[in-house]
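Here's the structure we're looking at; comments come further down.
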Number of protein chains: 4
Amino acid sequence: MAGVNKVILIGNLGKDPEVRHLDNGAAVANFSIATTESYKDRNSGERVDQTEWHNIVLWRGLAEVAEKYLKKGDSVYIEGKLRTRSWEKDGVTRYTTEVVGDQMTMLGNKKSDGGGQSSGYEGNQGQSQAAAPAASQTPDTNSEMDDLPF
Amino acid sequence: MAGVNKVILIGNLGKDPEVRHLDNGAAVANFSIATTESYKDRNSGERVDQTEWHNIVLWRGLAEVAEKYLKKGDSVYIEGKLRTRSWEKDGVTRYTTEVVGDQMTMLGNKKSDGGGQSSGYEGNQGQSQAAAPAASQTPDTNSEMDDLPF
Amino acid sequence: MAGVNKVILIGNLGKDPEVRHLDNGAAVANFSIATTESYKDRNSGERVDQTEWHNIVLWRGLAEVAEKYLKKGDSVYIEGKLRTRSWEKDGVTRYTTEVVGDQMTMLGNKKSDGGGQSSGYEGNQGQSQAAAPAASQTPDTNSEMDDLPF
Amino acid sequence: MAGVNKVILIGNLGKDPEVRHLDNGAAVANFSIATTESYKDRNSGERVDQTEWHNIVLWRGLAEVAEKYLKKGDSVYIEGKLRTRSWEKDGVTRYTTEVVGDQMTMLGNKKSDGGGQSSGYEGNQGQSQAAAPAASQTPDTNSEMDDLPF
DNA sequence: TTTT
DNA sequence: TTTT
């Protein structure tokens, strides 16, 4: 069935990434980023900031890059897809929607002396290999993912 | 401040849209669309379809277009932003992530004799007005949204 | 370093794709698609259609899919990147900007009895393999591209 | 008919923007941004950077923001659409493809003390008004565009 | 929980 | 013409 499921975000990390390493060696990073939208309230005329939080999941190479280079407050570009998971708690089914990233570009942080893209990293774009081997999520580096649930 | 929150989906409606009309006249449409991703399982080598469901919210003109023209099974392009709402039920806080659409293009349905883009509709693109007045979500048609929560 | 170069198009083919097969076996497809934007002229109040043509280039598996399944008039979703080539003609340097596609989803044609996504094909999305082997542009199927200029 | 024409770029300005002010008061900014893709050459195994240049056009409020805040070397997020113009020179028809931006987010520059999003600006997102009046390109602020060719 |  |  023809389908497109794409998310593009630029936001700031609320905390440092949490990275787990699975038994098979695969790394998984979880963190949240905030995107803020500014608009003028139609009644008061005052400026309002509305912040949205997004749960990001990165696998393997991208998770390792996040572990090494991303920290609280950093600005990052994430491209990926939406995935909603369900889980039970106290007999109640709950749902969590996450963005599973397949591209990432670091956009710098406010404390660095150089700022901007000085700490830039970019995941695989299109059909090319990223320079950092660990950063690729293309199939040929994913032999370890066989027993992952997706 | 710097933030981007963008979602791009092409999928099929699971049911007809549910459209409510608020007291102030604004229409709100809710429906889900499925995006299906096909991949070959790395162990079995078999083809697997993974379907993801997305909750779509449309306001005003786009909601009215959805009410008139979209129905179960139709294929549609939706562009919008992620928004996570929280709500209480049985003393438990739950979260729902939705895609608030600001662009829509109908891509046809499999039963029409014409199919494809014959029933095409397109929301406002860039700075232009859509031909159908009801389909615009640009600010100048939104004076009725003053008391909406966003 | 930090860079993003992404194009997302939904449009109709102006002609059947032209597909060449290089000596090394790689296929290359070229075709144009039209995207039409409707807006109301601010002076006359009349509806105006503005059509934009985009030069699409597909390589290898996607080119073969295009050769087999795409034809004049078909609607297609293309995701890719911008690339501007320069070439000489009569001593004048000319430039052509193309969209090099890495994802494609067929959206049907208006003449098919089924229309819509019945003829759907989807390139590789994220880290998964497309079902049709020929349709993948992931690195592990690209050993033949070694002597291509990108 | 149904069409989508969307470009998303993150890159660095090659020079300061050139901004013209039309007789009717509308501002137009032109500048180029570079996006660089890194990949490992399949033969030599060496890392290669491929840079692509994109011609950006901004109108009205976004042009004024560019004039005030963007300069050579800055990193910027641009969202817009592709437009190809033709023009005559020495009896030869030439074509130029540009990205007409409708969203912009400044991502900082390497020399700022704060870097990152300190100089952040964001155009209108979705249906909200940007806080800076000059930054909006929504129709209700575009009465001056009546005699522009698009 | 971030950022401006 | 930028950036890392």
Side-chain angles (χ1 to χ4, degrees), chain A residues 9-18 30-39 47-56 65 69-78 105-122 125 130-132 135, chain B residues 1-5 84, chain C residues 1-5 84, chain D residues 9-18 30-39 47-56 65 69-78 105-122 125 130-132 135:
Chain A
L9 302 171
I10 295 180
N12 300 91
L13 278 78
K15 295 183 182 174
D16 290 354
E18 294 179 6
N30 287 273
F31 56 89
S32 294
I33 67 172
T35 57
T36 302
E37 183 180 1
S38 266
Y39 62 95
R47 189 179 183 170
V48 183
D49 277 5
Q50 183 166 345
T51 295
E52 198 67 34
W53 286 95
H54 311 272
N55 300 312
I56 309 296
V65 172
Y69 299 112
L70 280 185
K71 62 182 182 309
K72 178 178 173 175
D74 283 357
S75 178
V76 71
Y77 168 92
I78 299 275
T105 298
M106 293 170 56
L107 301 171
N109 60 76
K110 64 171 182 181
K111 291 179 188 167
S112 83
D113 57 337
Q117 53 281 58
S118 58
S119 60
Y121 165 76
E122 179 173 309
Q125 254 213 64
Chain B
M1 182 72 86
V4 171
N5 175 359
T84 298
Chain C
M1 183 71 87
V4 171
N5 175 359
T84 299
Chain D
L9 302 171
I10 294 180
N12 300 90
L13 278 78
K15 297 183 181 173
D16 290 353
E18 294 179 6
N30 288 272
F31 56 91
S32 293
I33 67 172
T35 58
T36 301
E37 184 179 2
S38 265
Y39 63 94
R47 188 180 184 169
V48 183
D49 277 4
Q50 183 166 346
T51 295
E52 198 67 33
W53 286 95
H54 311 271
N55 301 312
I56 310 296
V65 171
Y69 300 112
L70 281 185
K71 62 183 183 305
K72 178 178 174 177
D74 284 356
S75 178
V76 71
Y77 168 92
I78 298 275
T105 297
M106 291 168 57
L107 300 171
N109 60 75
K110 64 172 184 182
K111 290 179 187 167
S112 84
D113 57 338
Q117 53 280 62
S118 59
S119 58
Y121 166 78
E122 179 173 310
Q125 254 213 61

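The shown structure was predicted, so the numbers you read here are calculated from the model rather than taken from an experiment. Order of the sequence lines fixes the chain letters, A, B, ..., with proteins taken first and strands second; residue numbering starts at 1 for each chain.
- Interface remark: the A/Thr51 side chain does form a donor-acceptor pair with the E/dT2 base, using a distance-only criterion of under 3.5 Å.
- What separates CD of D/Glu52 from P of F/dT2 is a distance of 16 Å, to the nearest Å.
- No option in D/Ile10, D/Asn12, D/Leu9 other than D/Leu9 meets the side chain to side chain contact (heavy atoms under 4.5 Å, CB included) test with D/Ile33.
- Nucleotide E/dT3 holds its C1' atom 12 Å from the CZ atom of A/Arg47, rounded to whole Å.
- No side-chain donor-acceptor contact under 3.5 Å links A/His54 and A/Ser32.
- Between the NZ atom of D/Lys71 and the P atom of F/dT1 there is a distance of 20 Å, rounded to whole Å.
- For the 3.5 Å distance criterion, the side chains of A/Ser38 and A/Asp49 qualify, holding a donor opposite an acceptor.
- Of the listed nucleotides (F/dT2, E/dT2, E/dT1), E/dT1 has the atom at the smallest distance from the side chain of A/Lys15.
- Nearest nucleotide to the side chain of D/Asp49, out of F/dT4, E/dT1, E/dT4: F/dT4.
- Nearest to the side chain of A/Asn12, among E/dT3, E/dT1, F/dT3, sits E/dT3.
- The separation between D/Asn55 atom CG and F/dT1 atom P is 15 Å, rounded to whole Å.
- Applying the side chain to side chain contact (heavy atoms under 4.5 Å, CB included) rule to A/Asp16 yields the partners A/Lys71, A/Lys72; only residues at least two apart in sequence or on another chain are considered.
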